[in-house]
Amino acid sequence: MQLVVSAASFITLPFYKAVPDGVRKFFYANYCEKPDGLIFDGATLGYFSKIEHIIDLPNLGGRTIFDIGCGEGTLVQWLTSKNVSFKRYIGLDFAAIPESKIGNVEFLLDDAVNVGTHYEQTDNQITFMVNAACYFENNIFENILCSFRRGDEIVIIEPSPNIFWDAHFNGVKPVYRKIAEVERILDSNGFSVLSDVQDYWVKTKRAFFIPLSYGIFARKL
């Protein structure tokens, strides 16, 4: 999969950052959508479109879904809009939302390293980390992966390293890992990568490219 973003658009960033909600306005003004449906990773829809490229949504039906770093619950809203009839949804975040439960949708305030304590002793569960893995150092990231049992699956959607993060997260810069490094960490923790997708800023016939965001779907063996 490939996505091309205009380099010239980055020149306008300082002007957007100087106004309220400027970064979000920048993304809406400058993302580029290709026929395959991928959108620049700065927009939430860009993250979700990658999910559709690496996993069949109907396969989520009847499953328990864990959403690490769920924020305000945009993933469950999107899944609902796609008519995904999951068995249970559990969103984990350390601060973004109050704890609540409505039907089979539950939001919990907790540190992601405790995700294993919330896992059910049943099969058929899948974990999403959408723009979340980059906020964990390697040791914490691997501790999360150790919570998984054989057959558990994970979807990791990661953004590119960029100069927009300081506007989003008050100067807290995430740990950027290239897709090869994430897949190496998954492999060393007993996971098999089932599918993945990457976006590119520039890609030529000589295979010179600057990778942007990516998505990975993997299963614990």
Side-chain angles (χ1 to χ4, degrees), residues 1 3 5 10 13 17 23-24 26-27 31 38-55 65-76 78 91-97 108-116 126-148 152-189 191 193-201 209-218 220:
M1 306 298 178
L3 175 70
V5 180
F10 288 77
L13 178 63
K17 290 176 69 174
V23 173
R24 181 178 297 276
F26 171 85
F27 287 130
Y31 75 79
L38 287 179
I39 305 175
F40 181 44
D41 67 279
T44 300
L45 286 177
Y47 298 142
F48 295 158
S49 67
K50 290 178 186 61
I51 293 174
E52 291 188 283
H53 280 80
I54 60 176
I55 187 173
I65 296 173
F66 288 88
D67 184 6
I68 298 179
C70 63
E72 297 180 352
T74 53
L75 175 62
V76 69
W78 178 75
L92 267 67
D93 204 290
F94 72 96
I97 55 172
L108 300 173
L109 285 176
D110 203 349
D111 194 299
V113 297
N114 299 323
V115 64
I126 183 169
T127 297
F128 285 81
M129 298 183 74
V130 181
N131 190 18
C134 55
Y135 291 100
F136 301 109
E137 298 288 346
N138 279 1
N139 62 323
I140 298 177
F141 183 32
E142 295 198 46
N143 284 339
I144 294 171
L145 296 176
C146 287
S147 300
F148 288 65
D152 288 346
E153 296 175 337
I154 187 169
V155 172
I156 299 173
I157 307 295
E158 284 289 81
S160 62
N162 57 60
I163 55 179
F164 315 122
W165 271 335
D166 61 335
H168 276 296
F169 306 108
N170 299 319
V172 179
K173 188 175 181 179
V175 179
Y176 175 69
R177 304 177 182 90
K178 293 183 179 180
I179 188 171
E181 182 180 358
V182 176
E183 293 186 343
R184 179 192 61 78
I185 292 173
L186 288 167
D187 179 72
S188 65
N189 284 275
F191 285 79
V193 174
L194 305 178
S195 59
D196 58 25
V197 62
Q198 293 187 72
D199 297 343
Y200 296 95
W201 182 11
F209 58 86
I210 302 174
L212 287 174
S213 56
Y214 51 85
I216 302 171
F217 174 40
K220 184 73 174 281

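Distance check: Ile179 CD1 to Leu186 CG gives 10.0 Å after rounding to the nearest 0.5 Å. Note that the CD atom of Glu181 and the NZ atom of Lys178 stand 9.5 Å from one another [nearest 0.5 Å]. Going from atom CG of Asp110 over to atom CG of Leu92 covers 6.0 Å, rounded to the nearest 0.5 Å. Expressed to the nearest 0.5 Å, how far SG of Cys146 lies from CG of Asn139 amounts to 11.0 Å.
Put simply, the side chain of Glu158 does not reach to within 4.5 Å of the side chain of Ile216, judged on heavy atoms. Using a 4.5 Å heavy-atom threshold, the side chains of Phe217 and Ile126 count as touching. At a threshold of 4.5 Å between non-hydrogen side-chain atoms, the residues Thr74 and Phe48 count as touching. Annotation: side chain of Glu153 is not in contact with side chain of Thr127 (no heavy-atom distance under 4.5 Å).
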task = Using the side chain to side chain contact (heavy atoms under 4.5 Å, CB included) rule, take Ile54 and Ile157 through it: C-alpha gap first, then chi angles, then the decisive distance, then the call.
result = CA-CA 10 Å; Ile54 60 176; Ile157 307 295; 4.2 Å; yes
request  = Kindly indicate, with the supporting measurements, whether the criterion side chain to side chain contact (heavy atoms under 4.5 Å, CB included) is fulfilled by Leu145 and Ile185.
outcome  = CA-CA 9 Å; Leu145 296 176; Ile185 292 173; 3.8 Å; yes
message = Is there a side chain to side chain contact (heavy atoms under 4.5 Å, CB included) between Glu52 and Val197? Walk through the geometry before answering.
response = CA-CA 10 Å; Glu52 291 188 283; Val197 62; over 6 Å; no
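Checked by atom type and distance alone, the side chain of Asp187 never pairs as donor or acceptor with a backbone atom of Glu183 at under 3.5 Å. Under a 3.5 Å cut-off, the side chain of Lys220 and the backbone N or O of Phe148 do form a donor-acceptor pair.
Nearest heavy atoms, Ala132 versus Gly69: CB-CA, 4.4 Å. Taking every heavy atom of both residues into account, Arg177 and Glu137 meet most closely at NH2-C, 3.4 Å.
Screening Ile156, Ile51, Val76 against Phe128 for a side-chain contact (heavy atoms from CB on, under 4.5 Å) leaves a single residue, Ile51.
With sequence neighbours excluded, the residues satisfying side-chain hydrogen bond (donor to acceptor under 3.5 Å, both in side chains) with Glu142 are Asn189. The side-chain contact (heavy atoms from CB on, under 4.5 Å) test applied to Ile140 returns Val113, Phe136, Ile144, not counting sequence neighbours.
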